[in-house]
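In this text the structure is predicted, and so the values were computed from the model without any measurement.
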Amino acid sequence: EGLGAGQTLAEPFSPSSTTSSDEWVEFFECILATNDDKRIFDEYLQTELVQENLGFYLAATKFRRVWAADNTNSEARLMERLQAAKKISETFLDANARYCVAMPDQVLKNTLPRLSNPMLATADMFDGCLRCTCTLLFESLKRFQRTKTAGADLFSRGEQMWQERKTEQRQ
């Protein structure tokens, strides 16, 4: 692999308020490429007392991946998707959730009503929440990068993988 002659890496990941949930997910897929990467970052998040953010991220991206590929609109499949969404909400978004993630009220107001109708429980229903959570995870990742050798290694490996993906996509 590597770059061909004359190729340059894409710019480093630089999120903004307009960064889409797709971009966030792609970046964190690179950062959390292996189970060891997930474990190392999770251990750090535990020291910050915010490991629920990673739990929500993993659950919401799995929900998104599973249901984005499913075009079945049978009543049984719609109810199954709704139940999966409700489980994520009960675990991470409800006020009394066991692993409650910090989320702006407006984002919750846009997300939670979708749990009342199976037709509204779509693969992208948690995208607003994902953007907020990824912003928090990115801030934790930057702190992790400064405090631990493992964090710096994790960040640089993930950042390089992300830059290489973006470079290939430009081609």
Side-chain angles (χ1 to χ4, degrees), residues 1-2 9-70 80-81 83-94 96-104 107-108 111 115 121-169:
E1 296 209 1
L9 276 177
E11 292 295 315
F13 185 70
S14 181
S16 70
S17 61
T18 60
T19 301
S20 74
S21 54
D22 289 335
E23 291 171 300
W24 277 114
V25 168
E26 186 176 356
F27 175 74
F28 276 104
E29 281 176 351
C30 293
I31 295 293
L32 305 171
T34 69
N35 286 335
D36 279 345
D37 294 339
K38 289 176 194 154
R39 180 188 52 74
I40 290 166
F41 191 45
D42 184 59
E43 287 172 2
Y44 173 72
L45 293 174
Q46 288 176 32
T47 68
E48 285 201 330
L49 305 176
V50 293
Q51 69 267 27
E52 68 276 1
N53 292 332
L54 182 58
F56 173 75
Y57 167 83
L58 294 171
T61 55
K62 180 180 179 184
F63 177 88
R64 193 175 198 248
R65 196 172 41 256
V66 167
W67 294 107
D70 187 332
E80 186 179 344
R81 182 171 58 217
Q83 290 308 312
K86 284 182 177 181
K87 183 175 181 187
I88 291 170
S89 178
E90 290 167 1
T91 305
F92 298 103
L93 301 177
D94 290 351
N96 296 321
R98 183 171 181 198
Y99 303 105
C100 191
V101 294
M103 199 63 55
V107 174
L108 289 174
T111 304
L115 296 169
T122 57
D124 65 350
M125 72 176 287
F126 293 113
D127 280 7
C129 296
L130 265 173
R131 280 191 298 277
C132 292
T133 301
C134 286
T135 300
L136 295 172
L137 285 172
F138 188 71
E139 293 303 316
S140 291
L141 184 62
K142 288 192 309 190
R143 285 188 299 278
F144 184 43
Q145 178 188 15
R146 289 190 303 264
T147 61
K148 299 264 188 184
T149 302
D153 291 346
L154 177 70
F155 188 86
S156 75
R157 276 194 320 271
E159 178 84 344
Q160 182 174 352
M161 185 186 300
W162 184 84
Q163 287 177 302
E164 288 171 358
R165 276 190 190 178
K166 287 298 173 190
T167 300
E168 289 171 11
Q169 289 172 2

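A donor-acceptor pair under 3.5 Å links the side-chain atoms of Arg81 to the main chain of Ala121, judged by distance alone.
The CD1 atom of Ile88 sits 12.0 Å away from the CG atom of Asp94 when rounded to the nearest 0.5 Å. Interatomic distance, CD of Glu52 versus CZ of Arg98, reported as 12.0 Å (0.5 Å rounding). In this structure, Glu26 CD and Met161 CE are separated by 11.5 Å, a value rounded to the nearest 0.5 Å. In this structure, Cys132 SG and Tyr57 OH are separated by 15.0 Å, a value rounded to the nearest 0.5 Å. Note that SG of Cys129 and CG of Leu108 are 5.5 Å apart. Values are rounded to the nearest 0.5 Å. Distance check, rounded to the nearest 0.5 Å: CG of Leu45 to CD1 of Ile40 gives 12.0 Å.
Note: Phe144 and Phe41 have tilted aromatic rings, judged against thresholds of 30 and 60 degrees for the angle between ring planes. Ring geometry for Phe27 versus Trp24: interplanar angle over 60°, hence perpendicular rather than tilted (30 to 60°).
Judged as a side-chain hydrogen bond (donor to acceptor under 3.5 Å, both in side chains), and not counting sequence neighbours, Gln83 has no contacts. Scanning for side chain to side chain contact (heavy atoms under 4.5 Å, CB included) contacts around Lys38 gives Leu32, Asn35, Leu58, with sequence neighbours left out.
Inter-residue side-chain proximity for Leu141 and Ile31 is flagged as met; some heavy-atom pair is nearer than 4.5 Å. The shortest side-chain heavy-atom distance between Met125 and Phe63 falls under the 4.5 Å cut-off.
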| query | Please walk me through it: do Lys142 and Glu139 pass salt bridge (Lys or Arg N to Asp or Glu O under 4.0 Å)? | reply | CA-CA 5 Å; Lys142 288 192 309 190; Glu139 293 303 316; 3.3 Å; yes
| task | Output, in order, the C-alpha distance, side-chain angles, deciding distance and verdict of side-chain hydrogen bond (donor to acceptor under 3.5 Å, both in side chains) for Ser140 and Arg143. | result | CA-CA 5 Å; Ser140 291; Arg143 285 188 299 278; 3.2 Å; yes
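Thr122 and Asp124 form a side-chain donor-acceptor contact under 3.5 Å, judged by distance and modelled atom types alone.
Across Phe126 and Thr111, no two heavy atoms sit closer than the pair CD2-CG2, 3.9 Å.
Of the residues Gln163, Arg157, Glu164, the one that meets the side-chain hydrogen bond (donor to acceptor under 3.5 Å, both in side chains) test with Gln160 is Glu164.
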